[in-house]
Amino acid sequence: MVQSSILGFPRIGGQRELKKVTESYWQGKVSVEDLLAKGKELRAHNWKLQQAAGVDIIPSNDFSYYDQVLDLSLLFNVIPDRYTKFDLAPIDVLFAMGRGLQRKATETTAAVDVTALEMVKWFDSNYHYVRPTFSHSTEFKLNQEAGLKPVNEFLEAKELGISTRPVVLGPISYLFLGKADKDSLDLDPISLLDKFLPVYKSLLAELKKAGANQVQIDEPILVLDLPESVQSKYKATFDALVGDESLPEIVLTTYFGDVRANLSAIKDLSVAGFHFDFVRVPEQFDDVAAILNDKQTLSVGIVDGRNIWKTDFSKASNFVNKAIEKLGKERVIVSTSSSLLHTPVDLNNEKKLDATIKDWFSFATQKLDEVVTIAKNVSGEDVAALLAANAASIKSRKESSITTNPKVQERLATIDESLSTRKVPFDDRLAAQKDKYNLPLFPTTTIGSFPQTKDIRINRNKFAKGELSAEDYEKFIEKEIETVVRFQEEIGLDVLVHGEPERNDMVQYFGEQLEGYAFTTGGWVQSYGSRYVRPPIVVGDVSRPKAMTVKESVYAQSITDKPMKGMLTGPVTCLRWSFPRDDVSQKVQALQLGLALRDEVQDLEKAGITVIQVDEPAIREGLPLRAGKERSDYLNWAAQSFRVATSGVENSTQIHSHFCYSDLDPNHIKALDADVVSIEFSKKDDPNYIQEFSNYPNHIGLGLFDIHSPRIPSKEEFITRIEEILKVYPANKFWVNPDCGLKTRGWTEVRESLTNMVEAAKHFRGKY
Ligand code: GLN
Ligand code: ZN
């Protein structure tokens, strides 16, 4: 019998239970016991679900209260000193590292004020992990006080009668994905491997003691371009982690890409088996199968962990059969391509989806059945009815007229150089824009959203349910816009925004208004911590039936004399933060979105909104993981789709863009030719990184404070930060803004932080 396995299941709960309980805990509304009990309940639910589906290899330690990489930092004591001096409980240390903590002194406790660790995108996904942050004083050890989470969760499942396979990020990936702390910038995290390995090994020994015979060790960095110095670490590292009775077997797991460039690093490892992602890179099969010795197992990642389309059973079974022919049934395992963390929990929660379209989808819960069915099928069990139903769904999608729109395809063919280039170069546009807006030095602005209060969410829901009339809702939104506008005027911001109160999410909002999209009511996916998104789904050719944002922007401009920024989400981000089609290239989908947004940009301009920000926070995360043609092609079409959207405007119209969350290479954004870009920056301490931006040609706002954290920076803190950046970045190109949007923050924090930021900008104006 061919076995089935899952690499990880979403932990958020079908009704976002985890978000609700963690946020209540942060607000002091529920106790730590309540929080832990809910976690336990969610884990039990997920394990039982997988057991009931018939999955043979069920993961544990895929759960996390915040982020699975951050969990390891707590576990291995990779905790910078600044988090340990307040005597916080381990779980609060975890949250402090994840999101910062600012707490006034009480009679019994001292005041706390720490910023969060840096958060970056997990490979090319929209999930963010908290970056392990090492210093010369990092002392690896198993943090017994915090408890050995992988061991505890393994035992917890065992108590339920479910034998699981713990998942742990591998030692080399863990170090490689980390960074040096600001006091130890000369430190290369990989150099810590010798110190780290014995501690990592002791964790594995504890797992074995608890009864785990096999662990899933993820080494996803094996799909990146790895320097020889890192590749060469694999052999000795994994030799040290296996081979002795006191240690569990290891299945070395990679996902999201092609490992072929690093095959020599893993080809002689004495692990029990390997897992590869054959959804992304089926072509790697022959090469990776060739490195297996005659005992090692191959876990075939064939059910997509990153998208929501039904797996084609016949195609997938053929693929697995190819593996069986080579290795035999005992050595082949049918699996998801990656953890299912990146997919929504359960399609059955969707009550509003069109039945035809719904039949094309498969969410995490359905994917359990998919791996099991494929495993049964290749084992020779009778699953004919399931195969027939699956074939019918696949055919229905292939032949559906919902997916094609000839008009869109015709217009796509008209895209050429002139449709994707602004009329004159930046310097000439700058002159026109200077005359028009007459902004001071260090112009201040924000990235778009303002706090999405409970009131906003309640009214939006009421409107969606039909409990509030369109007219009343519009009035409500106008009132919100007015509050935001008056606030910005009051504290002296220069370029205003309307605050985005009408938007549930920066991609979903557009998806809902574009043709070619489907959207869910409960398809939440964790983005970071307690922040989840509900990606819309591109099902067909995309077009814009009518203006999407003009009304709100025009209203906002009508109540102020300051310039009002129109606010759009760019084509690449609309695509990356949706579930894309898998039957048409991403380039085609991005260019279609570019055309739809071009019409919106022009409509805004016509309506008098002449500063327009087109956000592309996802552009970096979409970068193919390896250098080469795929990557350079991506950079070309990504930039082109942005320019298609933004180049049809007058010289004096100022195009802004915004990028976040990742190590952005300024060279990658030059080709967008935006007049002003703002970049998430507040957690970048490395002066070399700042230096990289010094020759970015157009204007730049390097984000000055972290909006993922509730803490409030003082005016002095802003001044220090601006001074640091001014050492390398010229004052005449310098915009002053926070990181990202403020929608996840509360008004108190926003009010104070922005006031301090504007005061700091004024301080510098006086000096230049
Ligand atoms: N304009 C968006 C906002 O302010 C940008 C969000 C983002 O960068 N992720 O919320
Ligand atoms: Zn951002």
Side-chain angles (χ1 to χ4, degrees), residues 116 118-121 125-128 444-453 456-457 480-481 484 487-488 493 495-511 525 527-529 531-535 548-549 552-553 556 564-578 597 600-601 604 609 611-622 642 645 655-664 669 672 674 676-684 700-709 735 737-746 749-750 753-754 757:
E118 189 187 359
M119 190 167 71
V120 274
K121 293 265 163 149
S125 79
N126 187 18
Y127 178 78
H128 311 64
T444 52
T445 191
T446 65
I447 309 307
S449 61
F450 268 78
Q452 292 250 334
T453 57
I456 295 183
R457 283 196 300 268
E480 287 300 320
I481 293 176
V484 169
F487 165 73
Q488 296 173 88
L493 279 154
V495 176
L496 309 196
V497 298
H498 78 284
E500 306 176 23
E502 75 287 9
R503 303 186 190 177
N504 37 17
D505 171 87
M506 62 185 292
V507 171
Q508 193 191 341
Y509 184 72
F510 291 91
V525 176
S527 175
Y528 63 86
R531 178 132 176 80
Y532 310 159
V533 293
R534 201 159 27 132
M548 303 183 281
T549 64
E552 289 80 10
S553 290
M564 177 61 57
K565 256 198 295 195
M567 195 61 60
L568 303 175
T569 304
V572 178
T573 302
C574 278
L575 179 66
R576 297 289 317 175
W577 291 358
S578 305
L597 288 161
E600 185 73 13
V601 167
L604 280 169
I609 307 296
V611 182
I612 302 171
Q613 178 173 313
V614 179
D615 288 328
E616 282 291 23
I619 211 157
R620 169 64 181 80
E621 105 197 16
F642 181 90
I655 298 290
H656 289 229
S657 189
H658 167 74
F659 314 97
C660 48
Y661 304 120
S662 285
D663 295 320
L664 190 78
I669 53 170
L672 271 59
V676 181
V677 298
S678 57
I679 296 177
E680 173 170 327
F681 214 75
S682 67
K683 281 184 276 179
K684 298 291 180 192
I700 256 196
L702 298 174
L704 294 170
F705 74 93
D706 176 14
I707 62 93
H708 299 111
S709 161
W735 282 67
N737 51 257
D739 275 351
C740 294
L742 300 164
K743 73 178 206 181
T744 54
R745 296 271 62 89
E749 302 133 53
V750 166
S753 306
L754 285 181
M757 184 191 85

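Counting convention: from 1, in listed order, for ligands and their atoms alike. Along the sequence shown, residues carry numbers from 1. The figures here come from the full heavy-atom set of this structure, side chains too, leaving out hydrogens, waters and symmetry mates. Predicted model only: the values in this text are computed from it and were never measured.
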Visitor: Does ligand 1 come near enough to Ile447 that some N or O of the ligand is less than 3.5 Å from an N or O of the residue?
Guide: yes
Visitor: With rounding to the nearest 0.5 angstrom, report the CG to OG1 distance, Leu568 to Thr549.
Guide: 4.5 Å
Visitor: Hey, could you give me the OG1/CE distance between Thr569 and Met506, rounded to the nearest 0.5 Å?
Guide: 3.5 Å
Visitor: Do Asp739 and Ser682 get their side chains close enough for a donor-acceptor pair, meaning under 3.5 Å?
Guide: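 Indeed, the side chains of Asp739 and Ser682 share at least one donor-acceptor pair under 3.5 Å.
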Visitor: Is any side-chain heavy atom of Lys743 closer than 4.5 Å to a side-chain heavy atom of Arg503?
Guide: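 Lys743 vs Arg503: side chains apart.
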Visitor: Numbering the atoms of ligand 1 from 1, which are under 4.0 Å from a heavy atom of Cys740?
Guide: 8 (O)
Visitor: Any nitrogen or oxygen of Lys743, main chain or side chain, under 3.5 Å from a nitrogen or oxygen of ligand 1?
Guide: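 Checking ligand 1 against Lys743, no N or O pair falls under 3.5 Å apart.
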Visitor: Could you list which atoms of ligand 1 come closer than 4.0 Å to a heavy atom of Cys660?
Guide: 8 (O), 9 (N)
Visitor: Check Glu500 against ligand 1 and report side chain, backbone, both or neither, counting heavy atoms closer than 4.0 Å.
Guide: side chain
Visitor: Going by ring-ring contact (aromatic ring centres under 6.0 Å, His included), name the residues that satisfy it together with Phe510, two or more places apart in sequence or in a different chain.
Guide: none
Visitor: Could you tell me whether Ser449 approaches ligand 1 through its side chain, its backbone, both or neither, with non-hydrogen atoms closer than 4.0 Å?
Guide: both
Visitor: For Gln613, run the side-chain hydrogen bond (donor to acceptor under 3.5 Å, both in side chains) check against His658, Lys565, His656 and tell me which one passes.
Guide: Lys565
Visitor: For atom 6 (C) of ligand 1, which candidate among Met506, Met567, Lys565 holds the nearest heavy atom?
Guide: Met506
Visitor: What do you get for the angle at the Zn ion (ligand 2) between NE2 on His658 and SG on Cys740, to the nearest 10 degrees?
Guide: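 Value returned, to the nearest 10°, is 120°.
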Visitor: State if Arg503 counts as touching ligand 1 under the rule of any non-hydrogen atom under 4.0 Å.
Guide: no
